[in-house]
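See below for the structure under consideration.
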Amino acid sequence: MLDAALEYLKNKFDNFKPDTAIILGSGLGGLISAIKNPLIIPYSEVPGFPTPTVAGHEGRFYAGKIGNHNVLCLQGRFHFYEGIDPMIVDAVIQMLKNLGIEQMIITNAAGSLRTSLPTGSLLLINDHINLSGINPLIGQHEAPYFPDMSNAYDYDMRQKFLKIAAQENITVPEGVYMMVLGPNYETKSEVRLFQSFGADAVGMSTVSEVISAVHKGMKVLGVSVISNLCTGLTDKEQNHDDVLQQVQKSSVKLGILIQKFLEKD
Ligand code: HPA
């Protein structure tokens with residue numbers, strides 16, 4: 001589906017073979033400073049590659065080294081609420097696989113479903129609930145047809161991340177991320193329902209990419225930056241500008257953790 005994009009990127013990269021992809025959530029663009037002298041490629045330059053429409057998602061690839069890893073950073077992702085065909089989300093992940101990506105670090109901004117997880121915290125995702133009603137694998141028939149999700153957020157990657165967080169004195173609880181379709185924020189009643197489901201944070205991304213990545217045999221680390229308390233847990237109204245501002249504040253510590261994580265082996 002994205003054959004022309006794949007060829008274009010391979011040509012641009014020349015001898016550079018990425019092994020790790022990082023998908024940056026809203027407002028998390030600062031994380032790319034960990035890559036020294038990155039090769040920057042706007043999505044709009046890549047033939048057939050879609051362009052995101054949301055503020056905070058710029059639409060650029062950054063390629064370069066962090067530690068021993070060849071990293072490809074995606075600043076700008078594709079949400080179902082943009083009207084994106086689910087198969088496009090899958091095709092982007094397939095393209096990353098075809099470029100040689102073996103592990104993915106997926107970040108997002110998320111609303112907290114519990115007051116013990118305040119704004120500005122990081123949450124290491126250890127499982128997810130797909131409440132988006134959509135699945136990126138719909139319509140494709142590559143094996144495995146019914147992919148296993150029992151270790152979707154790779155155990156070993158999580159242990160390594162937690163160890164680094166402890167060394168850096170950064171508290172990172174683990175928890176369950178729930179994906180909704182969006183684009184509206186939740187009602188109070190929805191928030192109560194999601195709490196009763198056992199979710200810790202809610203957002204409008206990530207799960208779709210994780211399902212595709214796991215289907216293609218890639219290992220995934222998922223981290224949320226808590227950008228707000230969900231509706232009903234705060235008197236404040238929700239708004240995207242506040243979400244972006246909050247995320248920017250916490251992106252420095254997430255950047256340090258991701259950089260150390262990749263420098264470790
Ligand atoms: N709800 C859904 N998605 C989000 C939120 C939220 O409160 N915050 C950031 N993304």
Side-chain angles (χ1 to χ4, degrees), residues 22-31 52-59 74-84 86 89 105-136 153 172-211 220-255:
I22 306 177
I23 299 184
L24 300 174
S26 304
L28 286 165
L31 301 194
T53 58
V54 193
H57 292 267
E58 306 300 339
L74 283 79
Q75 184 183 30
R77 56 148 54 102
F78 305 101
H79 305 88
F80 293 146
Y81 64 70
E82 292 174 80
I84 289 274
V89 172
I105 299 175
I106 305 187
T107 66
N108 60 49
S112 171
L113 290 163
R114 49 183 173 89
T115 44
S116 57
L117 189 62
T119 299
S121 327
L122 300 179
L123 179 75
L124 178 60
I125 304 173
N126 62 10
D127 210 356
H128 73 219
I129 298 172
N130 181 12
L131 208 80
S132 71
I134 303 185
N135 194 302
Y153 299 84
V172 187
E174 289 191 270
V176 177
Y177 175 89
M178 173 181 276
M179 178 181 176
V180 291
L181 184 57
N184 59 288
Y185 290 103
E186 292 68 39
T187 63
K188 288 179 196 164
S189 305
E190 285 167 341
V191 167
R192 281 198 302 272
L193 179 72
F194 298 169
Q195 288 168 329
S196 77
F197 281 168
D200 298 296
V202 59
M204 305 172 195
S205 69
T206 301
V207 170
S208 46
E209 295 146 357
V210 173
I211 290 172
V220 174
L221 181 81
V223 189
S224 294
V225 175
I226 300 300
S227 54
N228 57 293
L229 290 174
C230 279
T231 314
L233 300 184
T234 168
D235 292 336
K236 274 182 58 193
E237 287 184 12
Q238 309 292 356
N239 105 43
H240 187 55
D241 289 336
D242 288 351
V243 163
L244 290 181
Q245 246 184 26
Q246 254 318 319
V247 171
Q248 258 155 25
K249 282 192 204 157
S250 300
S251 73
V252 176
K253 60 182 173 184
L254 180 55

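Just so you know, ligand 1 is whichever comes first in the structure, and atom 1 is the first atom listed for that ligand. Computed from a prediction, not measured in an experiment: that's the story for all the values here. Basis for what follows: all heavy atoms, side chains included, without hydrogens, waters or symmetry-related copies.
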Fill in: Any donor-acceptor pair under 3.5 Å from T107 side chain to I23 backbone
yes

Response to the item:
On a heavy-atom basis, the closest approach of V202 and Y177 is C-CE1, 4.2 Å

Fill in: Contact residues of ligand 1 (heavy atom under 4.0 Å), by chain and number
A109, A110, G111, Y185, E186, V202, G203, M204, S227, N228, C230

Response to the item:
Sorted by chain and residue number, the ring pair (Phe, Tyr, Trp, His ring centres under 6.0 Å) partners of Y153 (sequence neighbours excluded) come out as H128

Fill in: Shortest non-hydrogen separation from L123 to V172 and the atoms involved
C-CG1, 4.3 Å

Worksheet item: Is there a donor-acceptor contact under 3.5 Å from the side chain of E237 to the main chain of T231?
Response: no

Practice prompt. Please check if the side chain of S112 supplies one atom and the backbone of R114 the other of a donor-acceptor pair under 3.5 Å.
Written response: yes

